[in-house]
Every structure is written in structure tokens, then in C-alpha cells.
2 protein chains.
Amino acid sequence: MTEPALATLTRLRTACSQCNLRELCLPMGLSADELQTLDNLVSTRRKVRRGDSLFYGGEPFSALYAVRYGFFKSTLTSGDGREQVTGFYMAGELLGMDGIGGDRHTCTLTALEDSEVCVMPFARVEDLSRNFEPLQRHFHRVLSREIVRDQGVMMLLGSMRAEERLAAFLVNLSQRLTARGFSASEFVLRMTRDEIGSYLGMKLETVSRLFSRFQEDALIEVHQKHVRILDIGGLKRVMAQAQSAP
Amino acid sequence: MTEPALATLTRLRTACSQCNLRELCLPMGLSADELQTLDNLVSTRRKVRRGDSLFYGGEPFSALYAVRYGFFKSTLTSGDGREQVTGFYMAGELLGMDGIGGDRHTCTLTALEDSEVCVMPFARVEDLSRNFEPLQRHFHRVLSREIVRDQGVMMLLGSMRAEERLAAFLVNLSQRLTARGFSASEFVLRMTRDEIGSYLGMKLETVSRLFSRFQEDALIEVHQKHVRILDIGGLKRVMAQAQSAP
DNA sequence: CGTAATTTTGACTCCGCTCAATTGGCGTGG
DNA sequence: CCACGCCAATTGAGCGGAGTCAAAATTACG
């Protein structure tokens, strides 16, 4: 194989236009030409080992990251050292948007399994956005959806009881996995009970107890990190059980 | 006064370049020329009566709004009808960013006192952003800061106790009022105990009891909606009192 | 000025936390 | 290959913070 041919092959393999996740990351309905203008978005890819962090709170911000494969948690550390999990991210989702506003990251992103991300230098995102309207629209949508997602979590934490929160969490996970072509009913949790608890505003013991209760009620089957959803409708009912008026 | 002169005067009065809030809304450090290119951002202004809503969850999205004066709350209603306050907004802050992602608003924005907003049709925001880099940067920052703000609330709701949350709320209010040239230590709450409680994930009775407790502890003085902060340092201490180890 | 809404306060209850012991999984090294 | 140790998860007992229910006080508003 000649040198140029090899180079082309490599380029193709790291090009967004050839990526099977592009429907999750990029605007849809683009022509082949248009798609190629986006191949400049990603500068490099970066592997992150399980337990390692992509970036830390306080670090200077320079790029956004798209998850290619793997699983991440984002955590926020308060002044007095308490740590709170603020989100979980999987393939096709965008990381690092917290850093735009203040030129440094506010949260830390840690891989919960061996992962890989596409590095998108933020200057390129903005440059391409100015010259290519579909990308601009798409980028704004992604930012806005992150706001909406966070508001959903606020609703969760602010007005739901522990069992409702955990049910909502499971339903959400199931939906996101489905959208990625995984089984909707059977999966492996990548996070610990403690991390789930932190995200949902409860203690790890409460998470564990609720998993057991859901199992007794034949809503799920749990063995450690393995979860099988037996009754998604039941979970949705638990999640919406407003304490009804007389 | 001639007709044209009158028209000019009116235009000047609604122009961003002449607005005394522009440091809060717009990118800083622009030349007079550059500032004028932004005068097209705002199409009209809109007054909203106390109790009325600027937009409702589910309504089609078309514009962003900058608060000129007044006070708003944003609320989210879950499937089963529970309502959660997700934020409070004052002069210079931007409303409606939740609508970008799905072309309709997800939350409802309600005025808690007679208010006025500048209407910025979103298409104009995007057009101007593409052609004017400082605006693009600024807009991205504003979106990102909203994400960071929401994550702060998640931390509040997920890992702080009721008294810590209320202290944090008061400190935050005080800081935002100060940034707008109001007194840092004395102000009138525009929202009810119920709305504070919803925002902070507690019941209105708990809010009331904590206000009383803070008063006993000489941290604040409350008479209904009037609040005077006596010991901001004390409040900050309450807000960060991690349950210390032995 | 009267009625409704909001706020305060008290008494009691219960959900989720704390503390503690036990079980189960998994990687490492003998 | 198994034993050991470590970490995660489960489960129990008891407690306490915040919720619920209820009534009184105060204020807002038509």
C-alpha cells in the first residue's frame, strides 16, 4: 500500500463523515459535501482509562469532547469538599460545555470504563459555526438540551421521593441505551451505588435498599451491577406516583 | 419637534447601545460602532404584569428575552402535575434558552412583579452571531453559564441540608442584587415561602421555620417579605458546614 | 372593610440517614 | 488453584430532620 493511500485511510477512519455515531453528534440530513466540511471539527482522539479523568474542575477550558465509546461521570466539588455527581455520559454525548462560560472547567469528568473521546478544539467549533449554519443550529440545540436535562434533574431532586428518583433514573438509562442500539431491559451499571446515590441525592444504603425493594416487587432483577428490567410500565408508575389528594 | 427627530429619539431609547443594562446583557469592551450593530437584536419590548406569564411550557419557541426590570420565576411541570420552581431571574438575565433545543419551551416563565423584557427573535440572534464574533462568544458564554448555574442547584439539592440550602439561597440573592447596584443587606423577597421551598426542595413550613431560626441566631431579620442580612459571614458558615469528621 | 391568601407556630409522624455487621466479588500473590 | 485482602453491596436497628396536619396570626387585595 502506498504512503498516500495509507494516509487517506487513516483520515477516513477519524473523519466524522465516516463515523457511525454521527447521527448522535452532528446535525442530520446533510449532504455528503456538507458532512465533509465538518471533518475538521475533530483534531484528535483521546483514550481515557477507567478511573482516569478527561479534565478536572478548575482546569483551563480549550475543547469540547464527544464520547466515542465508554462511560463517564461528571462531578462537582463544593467549597467545603463535598462531591456531587452531576451527570452520566455515554457514546454520542458531548462533554465540557460547562467550561465555555468561564474559560475553565467547573466540573471533573472521569471515565467509569475504558473510553475514547473525539477532541474538538473550541475555537474550531466557533469558527465552523459561524460559517456553517446547520452546525451553529445544532450546537445551540445541544447546549440548550443540556440546560433542559439539568432542569429535569432539578425537578427530580427537588420534588420526588427516593423511590421515584431511582425509578426515573432506571427508565432514563434504559431509554438512552435503547437509542444506542443496546438492550432496553438488560444492562450493566457502570457506576457504584455510591455514585448513583450522589447523583440522585440519597445515600448508597438507600439505593441498595430500593434496588432490593424493586426486586421484591418484581419490577427489576439485580445482581450487583447487572440489572434486568422486568416491568418498565411499573417503574414508570412508581416514578409518577404523585401523593394523591383525598 | 419634527417627526424624524421624534422617531430617532424613540429608536435611541430602545437601542441596546443606549441601555444602562448593557454590561449585563451584552459583550463588554465593544467600540461604539460595534455596539450599534447589536441594536438590531431586540425587536420590541414587552411588559408582563405581575402574575402573568411570558411564555408557557409547551409553547413554540421563537425568541429569547432579556429582563429589563422586574422579577421572574421559571417553573417546570412534571407529567403527573407536580410543579417545581427551577429558577429566579432579575434585570439583565436571559430567559427562554430552554426552548432552543426542542423548538418549544419546556418551562413556564411567570412575572413575580410588574416587569419588562426585551424580545430578541432567535433567528436574529443566530444571524448576528454568525456575522459578529463577539456576540457569538458572548452568547455561548451565557448558555454555558446557565448550565453551570443549574449544576450549582443540583449540588444544592443533592448534597446540602435544608438550612444550608436556605443560607446559600440568601447569599446568592444578596450577591446578585449587589451586582445590580441594590443593597446587599436589605431587600424585599418577590416570591412566596412556597416558591422558595419549591426551588430549594423543601416545604414552605420548613422555609418559614428556618427563617425564624436564622433570626433567633441573629443572622438575619425577617418581617414577612422584608429581609435584612445581619451577618453574611455567618450565613456563609451555615451554608458550608460540612458534617465534620471526629 | 371584609375575605382570601400567606405566614407562623405547634404536635406528631415517617422517610431516609447513621452506625454497624455481614456477605459477596474480584484481583493478587503465595 | 486457593487464600487472602480489599472494596462494593446488602441488610438490620435506631434515630433525627423534614414532612404532614392543623390552627392561629398577619397581611394583601378587590
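What you see below is based on every heavy atom in this structure, not just the backbone, and it leaves out hydrogens, waters and symmetry mates. Order of the sequence lines fixes the chain letters, A, B, ..., with proteins taken first and strands second; residue numbering starts at 1 for each chain.
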Pairs under 3.5 angstrom only: tabulate donor-acceptor contacts from the side chains of residues 101-109 of chain B to other protein residues two or more places apart or in another chain.
| residue | atom | partner | partner atom | Å |
| --- | --- | --- | --- | --- |
| B/Asp103 | OD1 | A/Arg141 | NH2 | 3.4 |
| B/Asp103 | OD2 | A/Arg141 | NH2 | 3.0 |
| B/Arg104 | NH1 | B/Gly58 | O | 2.5 |
| B/Thr106 | OG1 | B/Asp98 | OD2 | 3.1 |
| B/Thr108 | OG1 | B/Gly57 | N | 2.9 |

### Task
Assign B/Thr192 to base, sugar-phosphate, or nothing according to its heavy-atom contacts below 4.0 angstrom with the strands shown.
sugar-phosphate
### Task
Report yes if at least one side-chain N or O of A/Ser208 is closer than 4.0 Å to OP1 or OP2 of D/dA9; otherwise report no.
no
### Message
Please confirm whether the shortest side-chain N or O distance from A/Lys225 to OP1 or OP2 of D/dA9 is below 4.0 Å.
### Response
yes
#### Entry: Base C/dG10 to side chain B/Arg209, donor-acceptor N/O within 3.5 Å cut-off
yes
### Task
Output yes when B/Glu93 and B/Arg176 qualify as a salt bridge under the 4.0 Å nitrogen-oxygen rule, no when they do not.
yes
Name each donor-acceptor pair under 3.5 Å that joins a side chain in residues 211-236 of chain A to protein atoms two or more places apart or in another chain, with its distance.
| residue | atom | partner | partner atom | Å |
| --- | --- | --- | --- | --- |
| A/Ser212 | OG | A/Ser208 | O | 3.2 |
| A/Arg213 | NH1 | A/Glu163 | OE1 | 2.9 |
| A/Gln215 | OE1 | A/Val222 | N | 2.9 |
| A/Asp231 | OD1 | A/Gly233 | N | 3.3 |
| A/Asp231 | OD1 | A/Gly234 | N | 2.8 |

### Task
Please report, rounded to the nearest Å, how far the P atom of D/dA8 is from the NE2 atom of A/His226.
18 Å
### Query
According to a strict under-4.0 Å criterion, is A/Thr206 in side-chain N/O contact with OP1 or OP2 of C/dC17?
yes
### Message
So B/Gly201, base contact, sugar-phosphate only, or nothing? Heavy-atom distance under 4.0 Å.
### Response
sugar-phosphate
### Query
Which part of the nucleic acid, if any, lies within contact of B/Arg213, taking any heavy atom under 4.0 Å across all strands shown: a base, the sugar-phosphate backbone alone, or nothing?
nothing
Can you tabulate the close N/O pairs, meaning under 3.5 Å, that link protein atoms to atoms of nucleotides 22-28 of chain C?
none

